[in-house]
2 protein chains.
Amino acid sequence: MSQTVDRALSILPLLAEGPANLEQVAQRLGVHKSTALRLLRTLHEHGIVYRQQDQRYRLGARLFALAQEAVENLDIREIAHPHLTRLNEKCGHTVHLAVHEENEVLYIDKVESRYPVRMYSRIGKPVAITVAAVAKLLLADLPEPERRALAERLDYPLYTPRSTPNAAAFLKELATVREQGWATDLGGHEESINCVGAPIRGTDGRTVAACSISAPNVVVTAEELLALLPLVRRTADAISREYSGKAPDRP
Amino acid sequence: MSQTVDRALSILPLLAEGPANLEQVAQRLGVHKSTALRLLRTLHEHGIVYRQQDQRYRLGARLFALAQEAVENLDIREIAHPHLTRLNEKCGHTVHLAVHEENEVLYIDKVESRYPVRMYSRIGKPVAITVAAVAKLLLADLPEPERRALAERLDYPLYTPRSTPNAAAFLKELATVREQGWATDLGGHEESINCVGAPIRGTDGRTVAACSISAPNVVVTAEELLALLPLVRRTADAISREYSGKAPDRP
DNA sequence: ATGGCTGTTGCACACGATGCAACACACTCA
DNA sequence: TGAGTGTGTTGCATCGTGTGCAACAGCCAT
């Protein structure tokens with residue numbers, strides 16, 4: 001829409017390929033040298049491009065600081081919330097959002113079930129890290145040594161007979177989760193409650209959060225809950241897309 | 001130099017702070033709404049900014065991708081990274097790599113401390129140039145007139161009582177650093193944080209980068225940190241050897 | 001309906017971006 | 001040494017394009 005800005009921005013992907021001098025830039029933009037010079041100067045003043053000793057231009061490391069700051073200020077919760085609400089509207093069950101922080105996995109958002117029978121949980125509360133679906137999703141993505149170290153360090157309380165019994169079983173489960181891209185908790189925490197969850201990923205593909213739906217089996221059976229898996233995964237993917245700044249999928 | 005581009009680029013740091021709507025952007029730029037709209041539209045077309053559901057703008061995926069490429073194109077970083085990781089494995093503290101760019105010294109890589117207490121820093125972020133160990137190392141190597149000119153031009157904020165107070169003190173410190181071939185920052189930036197660093201040199205012997213380890217004195221005392229100096233220097237030398245060894249003369 | 005609040009569009013005007021040509025500077029040849 | 005190339009840089013007139021304005025369009029409250 002704005003020619004000048006349009007041209008200036010076109011320089012960036014060009015420089016991303018590698019350093020270039022003034023004339024090369026001018027040529028690839030299809031403008032006069034002097035025009036390219038002015039554009040580059042402006043980019044330079046803002047620290048977006050950097051001029052190396054041989055006078056050629058390349059992208060500045062400062063650009064990275066900008067992106068980094070933006071990522072830090074990104075609030076997953078804010079972005080995810082409308083998606084979670086929609087998920088809840090579709091299936092009616094309790095929806096959770098969780099993140100991994102300091103050797104704990106915490107619920108950071110929740111949309112209550114619309115059924116009268118609800119599961120107990122609280123935003124900010126650490127989840128049962130060895131059994132919860134969201135915990136498995138978040139930990140499955142850790143680098144192998146850290147994952148192993150953490151697994152060794154944990155306690156494995158037997159909330160129910162179906163709880164994860166020990167580190168070996170936990171690591172095996174994490175491998176499965178990592179492989180399949182989704183996770184469940186079928187009565188591992190509370191005998192009567194099942195969960196199914198999916199990962200939310202950032203630009204770099206790493207899991208930054210996880211969401212899940214939970215329901216007591218007096219309301220839906222485990223099979224019926226598993227049938228909702230595609231819905232959960234689609235929601236998680238939509239949040240991932242929006243979080244990483246890609247165009248949202250419009251039907 | 002180019003007003004339009006200048007305005008457009010001024011939007012980026014603004015959005016890095018967090019999402020903003022059209023009017024907020026227009027106001028902070030000091031331009032009419034319609035002007036801001038056109039600028040944002042152009043940025044949007046290039047994927048630099050992204051528009052979320054609530055119509056507010058934030059930085060977009062393309063910017064993250066560009067930033068990524070910007071740092072990846074720094075070949076020192078690629079060579080140094082495994083060495084930095086190894087250094088971190090040996091000592092456990094936060095390891096930094098920094099370069100001098102446009103009157104600033106920027107962190108371009110970082111390996112986090114394995115201790116729970118970490119220092120805050122960010123890749124791409126300019127360092128406190130008058131006190132940081134890596135900054136002293138990089139500036140100590142400048143030709144004398146440039147060094148003097150730069151020293152005169154800088155501000156000397158008193159982060160702590162131990163911060164470098166003025167140009168004269170700074171130049172004296174640089175001379176010492178140049179002489180001894182290593183540098184420290186003992187509580188000059190944050191009262192409780194100490195650093196020790198060493199220079200990485202290219203084929204011609206000039207300092208092209210610097211690495212350092214940083215630790216809060218609740219974890220190790222300054223003396224204990226200084227005992228790690230030989231380790232840091234060996235790392236820096238190893239990187240130097242590898243960097244200058246296979247240095248292909250870039251056209 | 002009514003008002004406030006936001007983003008959007010069309011338009012006339014003038015300002016600022018543009019290309020040109022001339023210049024400056026560093027190299028490389030004979 | 002000097003002409004000859006390849007750069008980046010500057011001043012300037014000209015015209016294109018970015019600009020602010022005002023009016024409009026949605027949306028959501030009351």
Side-chain angles (χ1 to χ4, degrees), chain A residues 1-12 14-15 17-60 78-79 81-82 85-86 89 242 245 247-248 250-251, chain B residues 1-12 14-15 17-60 101-103 143 145-146 204 206 249-251:
Chain A
M1 288 277 139
S2 162
Q3 189 187 61
T4 320
V5 178
D6 186 49
R7 286 172 169 173
L9 295 179
S10 303
I11 294 177
L12 303 183
L14 193 154
L15 289 185
E17 295 170 17
N21 65 20
L22 178 62
E23 199 156 275
Q24 293 171 317
V25 171
Q27 203 153 23
R28 299 244 340 231
L29 280 189
V31 298
H32 193 96
K33 284 188 302 177
S34 57
T35 305
L37 179 68
R38 257 174 318 224
L39 297 176
L40 281 164
R41 273 225 257 257
T42 312
L43 289 166
H44 181 96
E45 275 173 18
H46 284 259
I48 307 289
V49 307
Y50 163 59
R51 197 153 198 197
Q52 34 187 39
Q53 282 83 345
D54 62 358
Q55 294 210 112
R56 292 191 304 167
Y57 295 90
R58 55 172 196 72
L59 295 180
E78 194 184 340
I79 291 170
H81 193 79
T85 307
R86 237 169 292 144
E89 279 164 8
E242 193 174 336
R250 294 276 91 185
Chain B
M1 290 278 140
S2 162
Q3 188 188 60
T4 321
V5 178
D6 185 50
R7 285 171 169 175
L9 295 179
S10 302
I11 294 177
L12 303 184
L14 195 154
L15 290 185
E17 294 170 20
N21 65 19
L22 178 63
E23 199 157 277
Q24 292 171 320
V25 171
Q27 202 152 24
R28 297 236 351 222
L29 281 188
V31 299
H32 196 262
K33 284 188 301 177
S34 57
T35 305
L37 179 67
R38 261 175 314 229
L39 297 175
L40 282 164
R41 274 225 256 258
T42 312
L43 289 166
H44 183 85
E45 275 173 19
H46 285 258
I48 305 290
V49 307
Y50 164 66
R51 196 155 199 195
Q52 32 186 46
Q53 269 89 338
D54 61 358
Q55 294 211 109
R56 291 189 305 165
Y57 295 90
R58 11 170 295 237
L59 296 183
E101 188 172 284
E102 305 283 342
N103 295 331
E146 272 188 60
D204 52 0
R206 290 205 49 195
D249 276 13
R250 303 227 271 130

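Side-chain atoms are counted along with the backbone in the values below, which use heavy atoms only and exclude waters and symmetry mates.
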In this structure, how many angstroms lie between the [atom2] atom of [N] and the [atom1] atom of [X], rounded?
X       : N      : atom1 : atom2 : result
A:Leu22 : C:dA24 : CG    : P     : 19 Å
B:Asp6  : D:dT17 : CG    : P     : 20 Å
B:Arg56 : C:dC5  : CZ    : P     : 18 Å
A:Leu37 : D:dC12 : CG    : P     : 17 Å
A:Arg41 : D:dG8  : CZ    : C1'   : 9 Å
B:Glu23 : C:dG4  : CD    : P     : 15 Å
B:Gln3  : D:dG20 : CD    : C1'   : 12 Å
A:Gln27 : D:dT7  : CD    : C1'   : 14 Å

For the side chain of [X], starting at C-beta, report the closest nucleotide among [options].
X       : options               : result
B:Asn21 : C:dT8, C:dG7, C:dA17  : C:dG7
B:Thr35 : D:dT19, C:dT6, D:dG18 : D:dT19
B:Val31 : D:dT9, C:dT6, D:dG20  : D:dG20
A:Arg51 : D:dT9, D:dG18, C:dG19 : D:dT9

Considering just the side-chain nitrogens and oxygens of [X], establish if one lies under 4.0 Å of OP1 or OP2 belonging to [N].
X       : N      : value
A:Gln55 : D:dG8  : no
B:Arg38 : C:dG10 : no
A:His32 : C:dT18 : no

Next item on the list: Scan B:Thr4 against the nucleic acid and name what it touches under 4.0 Å (heavy atoms): base, sugar-phosphate only, or nothing.
Entry: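 It contacts sugar-phosphate atoms only.
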
Next item on the list: Determine the contact category for B:Arg7: base if any of its heavy atoms lies under 4.0 Å from a base atom, sugar-phosphate if only primed atoms, P, OP1 or OP2 are that close, otherwise nothing.
Entry: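 The residue B:Arg7 makes sugar-phosphate contact but no base contact.
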
Next item on the list: Spell out yes or no: do the side chain of B:Ser34 and the base of D:dG20 have one donor N/O and one acceptor N/O closer than 3.5 Å?
Entry: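 Yes, a donor-acceptor pair under 3.5 Å.
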
Item checked: Exam field: side chain B:Thr42 to backbone A:Val5, donor-acceptor pair closer than 3.5 Å ->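 It does not hold such a pair.
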
Check: Would you say the side-chain atoms of B:His46 pair up with the backbone N or O of B:Ile48, donor to acceptor, closer than 3.5 Å?
Finding: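 No; judged by distance alone, with no hydrogens or angles, the pair does not exist.
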
Note to self: Do the side chains of A:Glu242 and B:Arg58 get close enough for a salt bridge, i.e. N-O under 4.0 angstrom?
What the structure shows: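 No, this pair does not count.
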
Checklist line | Passing option when B:Val25 is tested against B:Leu29, B:Asn21, B:Leu22 for side chain to side chain contact (heavy atoms under 4.5 Å, CB included) | finding: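 Single pass found, and it is B:Leu29.
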
Next item on the list: Count the heavy atoms of every other residue, nucleotide or ligand shown that sit under 6.0 Å from CD of A:Gln27, and state whether that count exceeds 12.
Entry: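 Open.
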
